[in-house]
2 protein chains.
Amino acid sequence: MEPIAEKKKLILESALALIKDHGFHGCPMSMMAKNAGVAAGTIYTYFDSKDDLIGELFFYAKSIIFNHVSGSDDPSLDFKTRFFNYWNNLSELYLDRPEIQSFFEQFMISPFNTREIQNADSPWHDWNSNFFQEGIDKGILRNLSPDILFIMVIGSVNSMSKVRQNFSEKVAERGIDLNQLAEMTWDAIRKQ
Amino acid sequence: MEPIAEKKKLILESALALIKDHGFHGCPMSMMAKNAGVAAGTIYTYFDSKDDLIGELFFYAKSIIFNHVSGSDDPSLDFKTRFFNYWNNLSELYLDRPEIQSFFEQFMISPFNTREIQNADSPWHDWNSNFFQEGIDKGILRNLSPDILFIMVIGSVNSMSKVRQNFSEKVAERGIDLNQLAEMTWDAIRKQ
DNA sequence: TTAAACTGAATGAACGTTCAATCAGTATAA
DNA sequence: TTATACTGATTGAACGTTCATTCAGTTTAA
């Protein structure tokens, strides 16, 4: 993975921020260009099309998540602690950078999420498979496929973050404590 | 709630089906009209605008879910059975009518999901509050707010359905059994 | 000097919405 | 009964706008 040109990164980050507030289709190329401080035409030096830009954003955002979560994992700790670290790291990342969470929510259910992209190598997925397999091998997690444990956990973090982001007023006004979902999810995946 | 005019319902169902495949912005009014077998202008007899149509679709889809799930609940059964019935009913509805699941995924994270709509009365939410409160009162579920239990369960059903819908090939090829998520979610909400 | 990057006005396709014209069905009048 | 008028839903071409993309000209850097 060669380093991303500075201006290319600038355009990606700018697009990410705008997509959170306006959605894919609410972000004209002209808006992304202006926000990044470049001319509309310049974007086409770095990307073939808007579709291409959004496709690259997916890999860009996924690598941020991967680096953040895997980089903070300490395999020498006991597995339960590692799980809560995982949860908190991902949760905090989504809180600090809601544009990443928002982008993923939109991308996953959009027509941009093609089979080709799904089949691409994913260090993030591979890392998760290993992570949950370790928990299984240690006898801490249910003896299920690591994939299903991954789906359970990532689904919970995602829905927690989605509620936090899209229903913040309701959460505050009803005094809902979303952190309880971490404990609940742990009970969902641990060996009973 | 007065009954929906036949042609209005036709347009709603037609739009629902198209939105699943093309997304909100991939469905021109002309396409929805053609699919419903009416002229473009006719849609404006029943809806003020495309936004209005999508807003009405939200309440329409939610009422389908509400009727399906609440209508199949049998309060005389023990709570665990009722939970698995709930899960299976919702899961089957999403399987039979993926356009409903797809619409909700898109709507929730879209700008259409306004505060005004969030604050509207929701029989579906009220029913769920009661449902989970019953489980708490019976001493079967964790003593948390019914809202957090609702978020946990609905989040799991949604991510299960999303994976089933958007990653069907991956699921098949890896032999992932998504039904295991029901059991896991039960362990997440039941009193430990 | 030259190649690459950059600019932003121009292009044309696509879209939501409008509206004058049509038409089927119903009421009215002879 | 029959001819005429009326009603309001329906139609689809046309309008104005928005937007992704292009490109001729300009700047930058080596």
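So you know, we letter chains A, B, ... as the sequences are listed, proteins then strands, and number each from 1.
- For A:His22 and D:dT18, the NE2 to P distance is 15 Å, given to the nearest whole Å.
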task: Encode nucleotides 20-30 of chain D as B, S and - characters from 5' to 3', where the letter depends on protein heavy atoms closer than 4.0 Å: B to the base, S only to sugar-phosphate, - to neither.
output: SBB--------

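- Salt-bridge annotation for B:Glu13 and B:Arg97: present, with a side-chain N of the basic residue lying under 4.0 Å from a carboxylate O of the acidic one.
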Using residues 82-89 of chain B as the side-chain source, report each donor-acceptor pair under 3.5 Å to any protein atom, sequence neighbours left out, with the distance given to one decimal.
from, atom 1, to, atom 2, distance (Å)
B:Arg82, NE, B:Asp73, OD1, 3.0
B:Arg82, NH1, B:Glu134, OE1, 3.0
B:Arg82, NH2, B:Asp73, OD2, 2.9
B:Tyr86, OH, B:Asn128, OD1, 2.6
B:Asn88, ND2, B:Phe84, O, 3.0
B:Asn89, ND2, B:Asn85, O, 3.0

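- Between the NZ atom of A:Lys8 and the C1' atom of C:dC6 there is a distance of 17 Å, given to the nearest Å.
- One interatomic measurement links the two molecules: CE of B:Met31 to C1' of C:dG16, which rounds to 14 Å at whole-angstrom precision.
- Here A:Lys34 does not reach the OP1 or OP2 of C:dG8: none of its side-chain N or O atoms lies under 4.0 Å away.
- As rounded to whole Å, 11 Å separates atom P of D:dC19 from atom CE of A:Met32.
- Under the side-chain hydrogen bond (donor to acceptor under 3.5 Å, both in side chains) criterion, A:Glu56 pairs with A:Lys8, not counting sequence neighbours.
- Listed by chain and number, the residues in a salt bridge (Lys or Arg N to Asp or Glu O under 4.0 Å) with B:Glu169 are A:Arg115 (sequence neighbours excluded).
- Residues that satisfy the side-chain hydrogen bond (donor to acceptor under 3.5 Å, both in side chains) test with B:Ser168, not counting sequence neighbours, are absent from this structure.
- For residues 21-39 of chain A, the pairs satisfying side-chain hydrogen bond (donor to acceptor under 3.5 Å, both in side chains) are A:Ser14-A:Asn35, with sequence neighbours left out.
- Taking atom OH on A:Tyr46 and atom C1' on C:dT7, their separation rounds to 13 Å, with Å as the unit.
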